[in-house]
There are 2 protein chains.
Amino acid sequence: MSPPAAPVHPVTPLNELARAEAAPSFSPLYRQIKGLILKGLQAGEWKAGETIPSEMDLAARFGVSQGTVRKAVDELAADNLLVRKQGKGTFVATHAEQQQQYRFLRLTPDGDAAASLGRQLLDCKRQRAPAFIAKLMQLRAGDPVIEIRRLLHSGGQPVVLDDIWLPGALFKGLTAERLLEHRGPFYGLLETEFGVPMIRAQEKIRAVAAEEDAAALLQVAPGSPLLSVERLAFTYGDKPVELRRGLYNTTHHFYRNDLN
Amino acid sequence: MSPPAAPVHPVTPLNELARAEAAPSFSPLYRQIKGLILKGLQAGEWKAGETIPSEMDLAARFGVSQGTVRKAVDELAADNLLVRKQGKGTFVATHAEQQQQYRFLRLTPDGDAAASLGRQLLDCKRQRAPAFIAKLMQLRAGDPVIEIRRLLHSGGQPVVLDDIWLPGALFKGLTAERLLEHRGPFYGLLETEFGVPMIRAQEKIRAVAAEEDAAALLQVAPGSPLLSVERLAFTYGDKPVELRRGLYNTTHHFYRNDLN
DNA sequence: GAGTGGTCTAGACCACCAC
DNA sequence: TGGTGGTCTAGACCACTCA
């Protein structure tokens with residue numbers, strides 16, 4: 001066992017950089033690498049569903065060891081931005097796969113027979129953002145937005161009434177026709193056709209009484225209790241790009257959540 | 001400080017074991033270590049809030065490298081069973097800390113001023129488990145259970161009506177008096193006084209109309225929409241030990257959920 | 001300063017997949 | 001058979017806490 005000569009590993013340079021720019025206290029190398037990969041994702045260097053370079057390639061590119069890249073990718077996979085597949089590679093997460101119809105939908109039928117949902121487009125129009133919507137989406141009041149209304153059916157019965165707002169600037173070619181001809185998840189369309197992948201979302205859930213129009217569409221009595229699910233969805237850079245208000249009829253379905 | 005001499009990396013024996021008993025396909029060493037630590041937790045070798053041995057100690061004890069223990073602990077920390085604190089040690093997760101009042105409660109006030117909740121015990125009685133409750137909690141119908149009813153108040157207003165069922169066999173000394181004199185989270189009591197830590201939970205959420213009694217207690221009109229949160233909570237070994245049905249008044253609060 | 005968790009590396013080998 | 005992710009190790013050093 002020959003005693004290790006000198007500090008063999010050039011840890012210092014990047015770490016100095018980190019100390020200089022990181023306000024909080026200290027940013028380990030793998031977190032900086034994570035940031036670089038994230039930048040590549042945001043820049044569209046690798047698109048949803050594609051593979052990113054192998055860990056070895058990334059290690060060479062960034063001048064670090066494979067283990068460090070690995071830890072960075074681990075975190076991105078834990079964030080559901082990447083998906084690792086042993087023997088095949090690491091893939092950019094996507095909403096466009098048939099695996100599980102709607103990645104963000106937590107509604108479950110009572111009998112847990114995973115019945116697929118049918119879609120019915122009610123409306124799709126462009127308009128000016130009302131103040132309260134503009135504020136939540138970090139737009140200016142009056143900015144162009146797209147409003148979409150739709151129903152989701154389970155076993156022939158309407159179960160969800162969605163009201164969706166999107167910033168008009170990002171989704172120029174989005175029309176009712178485009179929506180109607182599209183197969184697969186809505187977020188898949190936004191991701192593949194408009195290059196805006198949904199990364200995460202926050203939901204605020206309340207119980208509300210059905211108003212006249214919603215009651216009619218969901219085929220329940222006015223005043224019936226409905227689950228109101230207000231969702232704000234984000235792309236890269238924590239940029240909000242969708243505001244959605246879903247009204248769920250929870251007579252034969254529930255919203256499931258796991259705590260730990 | 002004589003390390004266990006002989007086979008320096010006894011990877012094989014444990015792995016053989018894994019291959020033999022693991023039906024799926026292959027269980028890496030760190031996952032077996034995870035299982036061993038889990039067994040220690042379940043056996044009460046280290047109690048909630050205490051520290052577990054250092055990574056080095058565990059590595060020596062299990063005859064593996066520190067890195068392997070580290071990966072095991074990483075997963076347990078990701079599962080919120082352990083909490084790492086740099087420079088201090090690794091601690092068994094607990095509900096009994098004042099840090100964040102209720103670890104599993106997702107109710108948030110509208111103005112996001114984190115108002116603390118006041119408790120009001122309504123009832124605490126022992127009885128025989130109705131069939132539907134027994135089934136969910138893996139008991140026999142007629143087994144003794146404890147039923148607790150309580151209100152949570154925010155700013156003087158009642159917001160949550162909880163109906164809680166616990167298996168009587170596990171919580172012998174649990175009485176109304178005991179509940180009244182206890183400070184801190186309910187799960188903290190179960191954990192420190194009865195040695196039953198709550199590890200994870202599943203919630204099913206619906207919108208319902210307030211019935212007479214619930215409406216009166218929550219001071220809303222009968223028929224008002226309320227959020228119904230049905231929670232099944234588990235200890236170690238995926239054993240269900242609490243069934244709870246909360247009715248939330250979501251007029252000035254909401255149930256928050258983050259998706260990714 | 002001693003002890004704990006946290007980072008980083010280098011290298012060997014294993015499991016899985018596709019060609 | 002070669003490439004990819006996955007595991008395991010050993011050893012050095014860093015960051016944080018506390019006596």
Side-chain angles (χ1 to χ4, degrees), chain A residues 1-19 22 24-34 37 46 50-60 62-78 82-92, chain B residues 1 3-4 7-16 18-19 22 24-34 37 46 50-60 62-78 82-92:
Chain A
M1 296 290 275
S2 54
V8 185
H9 316 309
V11 180
T12 353
L14 272 171
N15 258 342
E16 297 292 348
L17 191 79
R19 287 216 187 82
S25 66
F26 159 75
S27 176
L29 191 46
Y30 76 83
R31 220 173 264 288
Q32 303 172 46
I33 303 301
K34 181 184 179 186
I37 298 175
W46 317 290
E50 296 178 2
T51 91
I52 67 169
S54 77
E55 295 180 350
M56 280 309 206
D57 288 352
L58 289 172
F62 296 131
V64 300
S65 81
Q66 190 220 11
T68 300
V69 168
R70 171 155 266 274
K71 183 132 201 213
V73 172
D74 276 345
E75 285 207 354
L76 290 166
L82 296 178
V83 178
R84 322 188 74 138
K85 292 184 185 169
Q86 185 174 159
K88 300 181 72 174
T90 302
F91 298 76
V92 181
Chain B
M1 61 168 261
V8 187
H9 311 318
V11 180
T12 353
L14 273 170
N15 258 341
E16 297 293 345
R19 286 217 187 81
S25 66
F26 158 77
S27 174
L29 191 45
Y30 75 83
R31 221 173 262 287
Q32 303 174 46
I33 302 302
K34 180 183 179 185
I37 298 176
W46 317 289
E50 296 177 3
T51 90
I52 68 169
S54 76
E55 295 180 351
M56 281 309 208
D57 288 352
L58 288 172
F62 296 131
V64 301
S65 81
Q66 189 220 11
T68 300
V69 169
R70 171 154 268 275
K71 184 131 202 215
V73 172
D74 275 346
E75 286 205 356
L76 290 166
L82 296 178
V83 179
R84 322 188 74 139
K85 292 184 185 170
Q86 183 174 163
K88 301 182 72 174
T90 301
F91 298 76
V92 182

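Per chain, numbering begins at 1; letters A, B, ... match sequence-line order.
- Here the side chain of A/Gln86 is nearest to one of D/dC8, C/dT9, C/dC16, namely C/dC16.
- Atoms CG and NZ, from A/Leu29 and A/Lys71 in turn, are 11.5 Å apart once rounded to the nearest 0.5 Å.
- Taking for each of A/Thr68 and B/Ile52 the nucleotide of DNA chain C with the nearest heavy atom, the 5'-most of the two is the partner of B/Ile52.
- In this structure, A/Lys85 does not reach the C/dC16 phosphate: none of its side-chain N or O atoms is under 4.0 Å from OP1 or OP2.
- Atom CD1 of A/Ile37 and atom C1' of D/dG5 are 14 Å apart (whole Å).
- An OP1 or OP2 oxygen of D/dG6 is reached within less than 4.0 angstrom by a side-chain nitrogen or oxygen of A/Arg70.
- We find that CD of B/Gln66 is positioned 13 Å from C1' of D/dC8, with the value rounded to whole Å.
- Atom NZ in B/Lys88 sits about 10 Å away from atom P in D/dA19, given to the nearest Å.
- Separation of atoms CD1 (B/Ile52) and CD1 (B/Ile37) is listed at 5.5 Å; rounding is to 0.5 Å.
- The two residues B/Gln32 and B/Ser27 make their nearest non-hydrogen contact at NE2-O, 3.0 Å.
- Whole-Å rounding puts the A/Phe62 CZ to C/dT9 P distance at 13 Å.
- Pair assignment for D/dG6 gives C/dC13, based on Watson-Crick or G-U wobble hydrogen-bonding distances that are each under 3.5 Å.
- Taking CZ of B/Arg70 as the start and CD of B/Glu75 as the end, the distance is 13.5 Å to the nearest 0.5 Å.
- Close to D/dG5, at under 4.0 Å from its OP1 or OP2, lies a side-chain N or O of A/Thr90.
- Here D/dG6 presents its P atom at 9 Å from OH of B/Tyr30, a figure rounded to the nearest Å.
- Between the NZ atom of B/Lys71 and the C1' atom of C/dG6 there is a distance of 16 Å, rounded to whole Å.
- Atom-to-atom, CZ of B/Phe26 to C1' of D/dC8 comes out at 10 Å; the value is rounded to the nearest Å.
- The shortest non-hydrogen separation linking B/Pro53 to B/Trp46 is CD-NE1, 3.4 Å.
- The interatomic distance linking B/Leu82 (CG) with C/dT4 (C1') rounds to 15 Å, in whole Å.
- Across all strands, B/Thr51 comes closer than 4.0 Å to no nucleic acid atom at all (heavy-atom distances).
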